[in-house]
Every structure is written in C-alpha cells, then in structure tokens.
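Worksheet: one structure, shown below.
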Amino acid sequence: MYFETYKAVEDALKKVTGEDDVLLGDGGEHADLASTVAFALAKKRKENPAKIAADLKAELDKELASKGVSIETKGPYINFVFGGEYLKGILKEALKPGYGQLPAKNVRVCLEHTSANPNGPLHVGHIRNSVIGDTLARVYRKAGYNTDVHYYVNDMGRQIAIVSWGFDNLGIARKEGEKGDRYVADVYVEANVRLNADPSIKEEIDRRMALIEQGDAEMVKKFREAVILCLDGIKATLKEMNAPHNRFMFESDFVRNKSMINVLKRIEALPQAKQDGTLSIDLSEFGFEKEYVLRRSDGTSVYAARDLAYHEWKGANYDRAIDILGADHKLIGRQLQATLKLLGDVPPEIVFFEFVSLPEGSMSTRAGKFISADDLIDEVRKRAYEEVNLRRPELSEEEKRSIAESVAIGAVRYDIIRVSQEKSTVFDWKEALDFEKQSAPYIQYAHARACSILEKAGDFKEVFAPETEQEIALVKKIGMFPKVIDEISRDLRPHVLAIYARELADLFNSFYRYNPVIKAEGEVRDSRLTIVKAAGNTLREALTTLGIDAIKSM
RNA sequence: GGAUCUGUGGCUUAGCCUGGAUAUAGCGCCGGGCUUCUAACCCGGAUGCCAGGGGUUCGAAUCCCCUCAGAUCCGCCA
C-alpha cells in the first residue's frame, strides 16, 4: 500500500512538473510525503517557489483526487497527507499473517557471517557480526530472496596449528562440564604463552602448517578434532542466539578439491602476478600500495588464496554474495574484491562493522582478554529471571524461565543491532542489563500487551476506521514496515529495523494509554481491536525479523 | 607516515548516501500519572554554537577541503 501510494504521488509530480527528480521524501511531522521540487523549479523558471508550489497544488489535486491523498502547501513545500482509504488498505494488509513479506525475487543470495576462527568461544565482538548477519539474512528472506547462510570455517590456519600443538604438548585437562570452545581457548591461550617464551616452537608450528597443506592424514585428524570441538561450542552459542547457519564451509575443502590450486594457476597467468619465492598480486591499479600475497615462499598457501577459491564457488552457485566482516578486514576484503574482478568474477558485497571493545581496551582471544557471548547471555538471563520473578510471581517455574530466556536473547541482540554498524562501541554491562525503553523487552512488552488485549476481547468484527490522533499515527507506522524491509535489503543497514520496531512500540504504547479498547463500545471497540490486531501482528513480524522472540506474555 | 571509519545535550544514540520547514529518541535530572485493557508503561519540563575552521549553495548536521581527537588496518596471520 505504501509503495503504490508513493508511486502515485511521484508519478503525479513528474507529470505536472516534467522533472525527472521530483525531490520527494518523508514529510516528517508535516505530512506523509513532502516535495521540495518548487525550490528547483524556482531557479529554472525564475519565479517565487511558494507561487510555484501553489500552482502545482491545483494540478496535483486533479491527479490524486482518486487516491485518497490530500495536498497542502506551506510556502514552497508541497505536503501530501494520506487519507482514510490508505489507512484502510494498510490495516487489511497488516492483519494478514507474515505481513511485510515482499514478492519472491528469484535471486539466490549467499550471506556469510560470523566465520570466527575456531580457536575459542564467540565473544561480544564476534556476535556483533552474528547479529548483523543473522538480521540481514532474516530481512533478505522477508524481502523475497532465496537466502543461504554460510559460516566459513578457517580449519587450516596458523591458529589451529597452535591449538593442535597445545593439545599434543601441554596436557591441559578439560574442566568438568566445560564447553569445547572454552576448552580450546584455554589451550590456545597457554600455547601462545609458550610460543612467546620459546621461539623455537614456531618451527614446529610451521611443520604442522606444511603437513596440513599436503593433506597428511594424522595432521588432518588432529586439526579436525580441535576444530570440531570448538565449532560445536560455537554452534551451541549461535543456536541460543537464534542465529543459525544452514551451511558450514570448510576452507580445507577448497584445497582438497583442487579449486584453490586452479585459482592460483589462473592468477599466475595474470599480468599483475608476481612470482619471486612467493606468489603475490599487484593491485596498485586499485589504489592498494601493498601486494596481496597468496602463497608463501615455502609453498604453502595463505588464507587469502583459499578465500578466493571459496568466493569463486559462491559466484558459481549464487546470484549475490554478501559477507559480513569486521573493520579489521577492510583492506583484505577490498583486495579480495579487486582480485576477483581481475579474474573476471563477480566480487561479494561486503558489510563492514566497526569494533566492539572493552572499557579496558580491545579484545583478544589469544591473550584470553574477552567477554564470551555465553557469559554475557548467562548474566543477562539471570537479570531477566529476577525481573520476571518479581513481576509475575504467579507463573510456573517453567514459564518464568522461558520468558527470561526470550527476554535475555532479545536484549542481547537488540543492544547490538540498534547501533549503526559504522560506529565503534565500548561494551557496557549497565546498558546490556537495562530492559527499559530502547530495548528488546520494551518492544516485546508492547507485543505481549496487544496479545493480552486480543485474548481478553474475544471475537470481534473487523472495522477499518482509525479516528484518533494516536490511531492514525500508529496505522501509518504499521504501513511503513514493508518499506523498511525493502530499504534495509537495498542499503544493508539493519539497525534501521531496530529503530523502526522501537518507534512502532512507542506509538502502540501511546495509543494504549489514550484509547481504551476493551471498555469501548460498538464500532469504536471493533475498530480499535482491529488496530490492536494489526499492530500486534506487525510487532511480531518486526521482532521475528530481528531474531527476537515475540512472546505472548511476560 | 599512508588508508578507512567515527565525532550530534552530562552519557548513549537517529538523521548524513538522496541538502530544505522548530535536529530523533533513550538514560540521567526536575515535576506529574496505577480502585482503569500487564506501570518492562505514559505525560510534561530543563539541557545542543550537530568536534573546530574554511568553502559550495537561495539554503549545510547532511556535499567538498583543512585541522584536531578516537577506532581499525598497512604480516610469507586469519
């Protein structure tokens, strides 16, 4: 409904002005849409912009009379206000299950996120990647894209060689009940301590790297055991976060199936290739000073080579590839894109996000300096349980725990997704544990309220007649949901959905305060119940797309 | 030294791509509101030279240049 109405207004403006760009945008508090095209025309026609606006209004009235859009001018601004027919159309759409789902696009998308090295548990920096990636995946599905979500497992890197050396030489025992990823981190941290103290260990690591590249059976087994042990822990965390992947791709597979060798051969043939001991590529034509090294002088490959093979595979199997990467990958990500262009491949689109640090500085798995996602979730869950226990003492233990779980995961995800990705953040326990206002529980609560009203009300007749200021504002916001999904799928900026969901909850709460529903009578009651149902449905769809449980009671 | 990103009330943050009408919210602060559909809520108030300087424009938080501050990268690691 929003798209159609926007298009009708835009077409009308184009027709009456003859301009290609009619400068149509959000009207803010003044209107639903507003155009500043009169300013542009004033320059061309050398006339007063306010007069132009007034003249255009007369013509626009004729064009848009049947669309339920009214036009007002305020000086040079042309404001468009959507009327009753629009509101009715929105409500009808928003009552349907799955509201916001856009038409299928027949485009296969490969979205890769998290892909953390399996040398320890996910920490609060990694899960910014997971939450951005998973939210985008949900948005893409909602936007009608056929979307696969990948985790690329770096199972033959130096870090894993260090972990395998640690398992063989340190004799560190797994603690009672310790998760695999945490155990691997213990080994990795200690192995690094040893490595720093005794540089001769580096030779042993190099030997392991050479063996793994050759496919040495024993070394493959050692690496794989360590990787799987850690990955199982990571998978458990991601599952709890509602951020599952549907494919785990192992980089070693691209070595074993020869695709990496094939890519390197084609790179050797490029004029930009340089071979003197190492194989590297000169990307100065793309503005990169440093050469991009793909093979070491000892003949083993670096991560970048395997990554090229993986991305060629993506190009062959999908229409679009989207990678979510931390800001530390900006340079190599762009080098990867440039190299794929030289090879004639379609490079991935990359979403970069800035770092999450601790008040005492940046995180480091190697130094054991991080807050794990598991620890964060545990703390938030404890806090959520206290809150539920306080508010709903009458609920069963099981219900309380279930609500606390949904609230905790929602709070963690929302706290991350609400900030735009280009902003670096400092992790703050106080904010993570705050469940008021700009938080998931606030939005979940609005949804639960809607559910509660509908349950108490029982059957009602659908009536499409928003009347009060709060009703109209709420329905208009509901109408924006498909546009928000579309916009995020274009701009790859998922924090917009977090803002939208919060604003929708704000408007629902204001509506709730001033417009009694169950106590109202007749058509007014039915109309309000219709609005509550549409709002509740939209809140649920928005929450679900954010990967947050839309619970019915809390 | 070079590259990229960020800088908006005491704190956190939207808006910046696509310039336009009194700059968005929250926390904190001050003052109200539960015999009323769940107060994880609502309403009102105070608080901003939109980092600083220059430029483009009828018009700049938004575009361009410079400076300052913070983050990240510049490895035969990933």
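Worth saying up front: this structure is predicted, and the values here are computed from it rather than measured. Every chain is numbered from 1, with letters handed out A, B, ... down the list of sequences.
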Just to be sure I understand the rule, does Val388(A) reach a base, reach only the sugar-phosphate, or reach nothing, if contact means heavy atoms closer than 4.0 Å? base
Listed partners of Arg493(A) passing salt bridge (Lys or Arg N to Asp or Glu O under 4.0 Å), at least two apart: Glu422(A)
Under the 3.5 Å rule, do the base of rC37(B) and the side chain of Ser452(A) count as making a donor-acceptor pair? no
Hey, is the side chain of Arg490(A) poking within less than 4.0 Å of OP1 or OP2 on rC17(B), counting only N and O atoms? no
Which part of the nucleic acid, if any, lies within contact of Ala42(A), taking any heavy atom under 4.0 Å across all strands shown: a base, the sugar-phosphate backbone alone, or nothing? nothing
Using every non-hydrogen atom in the two residues, find where Ala440(A) and Ile548(A) come nearest and quote the distance to one decimal. CB-CD1, 3.9 Å
Nucleotide paired to rC58(B) in any strand shown, Watson-Crick or G-U, under 3.5 Å: rG20(B)
Between rA14(B) and Ser420(A), is there an OP1 or OP2 to side-chain N/O distance shorter than 4.0 Å? yes
Could you give me the CA-CA distance, side-chain angles and deciding distance for Asp506(A) and Tyr442(A), then say whether side-chain hydrogen bond (donor to acceptor under 3.5 Å, both in side chains) is met? CA-CA 9 Å; Asp506(A) 281 342; Tyr442(A) 173 78; 2.4 Å; yes
Calculate the interatomic distance between Glu29(A) atom CD and rG15(B) atom P; express it in whole Å. 18 Å
Counting distance only, does the side-chain N/O of Glu379(A) pair as donor-acceptor with the main-chain N or O of Leu433(A) below 3.5 Å? no
If the cut-off is 4.0 Å, is Ser510(A) near the phosphate of rC43(B), judged by side-chain N/O to OP1 or OP2? yes
Starting the side chain at C-beta, find the nucleotide from rC77(B), rC5(B), rA21(B) nearest to Lys330(A). rC5(B)
Ion pair check, Glu467(A) and Arg528(A), cut-off under 4.0 Å: no
Taking atom C1' in both rC29(B) and rC37(B), what distance in whole Å separates the two? 32 Å
Between rA78(B), rC37(B), rU36(B), spot the one nearest the side chain of Val517(A), thanks. rC37(B)
With nearest nucleotides of RNA chain B determined for Gln438(A) and Gly277(A) from heavy-atom distances, which residue corresponds to the more 5′ nucleotide? Gln438(A)
Is there a donor N/O on one and an acceptor N/O on the other, under 3.5 Å, for the side chain of Gln159(A) and the base of rA78(B)? no
For rC42(B), take OP1 and OP2 only and decide whether either is under 4.0 Å from a side-chain N or O of Lys437(A). yes
For rU12(B) and rG2(B), measure between their C1' atoms and round to the nearest Å. 32 Å
Measuring to OP1 and OP2 of rC42(B), would you say a side-chain N or O of Tyr442(A) lies under 4.0 angstrom away? yes
List, with names and distances, any nitrogen or oxygen atoms from the protein found under 3.5 Å away from nitrogen or oxygen atoms belonging to nucleotides 63-72 of chain B.
from    : atom 1 : to        : atom 2 : distance (Å)
rU72(B) : O2'    : Ala327(A) : O      : 3.4
rU72(B) : O2'    : Asp328(A) : N      : 3.4

Measuring only the C1' atom in each nucleotide, how far is rG48(B) from rU13(B)? A whole number of Å is fine. 14 Å
Test side-chain hydrogen bond (donor to acceptor under 3.5 Å, both in side chains) on Asp323(A) and His311(A) and set out the steps. CA-CA 10 Å; Asp323(A) 294 350; His311(A) 280 90; 2.6 Å; yes
So does Ser362(A) get a backbone contact from the side chain of Lys369(A), meaning a donor-acceptor N/O pair under 3.5 Å? yes
Is a donor-acceptor pair below 3.5 Å formed from side chain Asn79(A) to base rA21(B), judging by atom type as modelled? yes
Residue matched to rA46(B) through Watson-Crick or wobble contacts both under 3.5 angstrom: none
When we call it a touch if two heavy atoms are under 4.0 Å apart, what does Asn515(A) touch: a base, just sugar-phosphate, or nothing? base
Sole residue of Arg449(A), Arg392(A), Glu399(A) in side-chain hydrogen bond (donor to acceptor under 3.5 Å, both in side chains) with Ser553(A): Arg392(A)
Glu422(A) has a side chain; which of rU12(B), rC5(B), rA78(B) sits nearest to it? rC5(B)
Here's a test of your reading of the structure: between Lys430(A) and Asn509(A), which maps to the more 5' nucleotide of RNA chain B? Lys430(A)
Within a reach of under 6.0 Å around CD of Glu455(A), are more than 12 heavy atoms found that belong to other residues, nucleotides or ligands? no
Any Tyr512(A) side-chain nitrogen or oxygen under 4.0 Å from OP1 or OP2 of rA39(B): yes
Among rU13(B), rC76(B), rU4(B), which is the nearest nucleotide to the side chain of Thr425(A)? rU13(B)
Whether the side chain of Asp155(A) engages the backbone of Arg224(A) through a donor-acceptor N/O pair (distance < 3.5 Å, no angle test) should be reported. no
Any side-chain N or O of Arg296(A) under 4.0 Å from OP1/OP2 of rA78(B)? yes
When the C1' atoms of rG9(B) and rC27(B) are considered, how many whole Å apart are they? 12 Å
I want to verify a distance call: between rA78(B), rA39(B), rC77(B), whose nearest atom is closest to the Arg158(A) side chain? rC77(B)
What distance, rounded to whole Å, do you find between the two P atoms, one in rU57(B) and one in rG19(B)? 16 Å
Is Ala448(A) touching bases, backbone alone, or none of the nucleic acid, heavy atoms closer than 4.0 Å? base
Using both distances under 3.5 Å as the test, list the Watson-Crick or G-U wobble partner of rC77(B), or none. none
Of the candidate nucleotides rU12(B), rC76(B), rU6(B), which contains the atom at the shortest distance from the side chain of Lys423(A)? rU6(B)
If you look at every strand shown and take non-hydrogen atoms under 4.0 Å, does Phe352(A) touch a base, only sugar-phosphate, or nothing? nothing
In terms of side-chain geometry, is the basic nitrogen of Glu487(A) or Arg490(A) positioned less than 4.0 Å from the acidic oxygen of its partner? no
Mind checking Arg295(A) for me? I need base, sugar-phosphate or nothing, with any heavy atom below 4.0 Å counting as a touch. nothing
Which is true for Phe39(A) with a 4.0 Å heavy-atom rule: it touches a base, it touches only sugar-phosphate, or it touches nothing? base
Residue His30(A), side-chain heavy atoms: nucleotide from rC58(B), rA21(B), rG2(B) that is nearest: rA21(B)
Identity of whatever pairs with rA71(B) - Watson-Crick or G-U, under 3.5 angstrom: rU4(B)
So what does Leu294(A) hit on the nucleic acid, given a heavy-atom distance under 4.0 Å: a base, only sugar-phosphate, or nothing? nothing
So what's rC11(B) paired with, Watson-Crick or G-U wobble, going by both distances under 3.5 Å? rG26(B)
Reckon Arg306(A) has a side-chain N or O less than 4.0 Å from the OP1 or OP2 of rA78(B)? yes
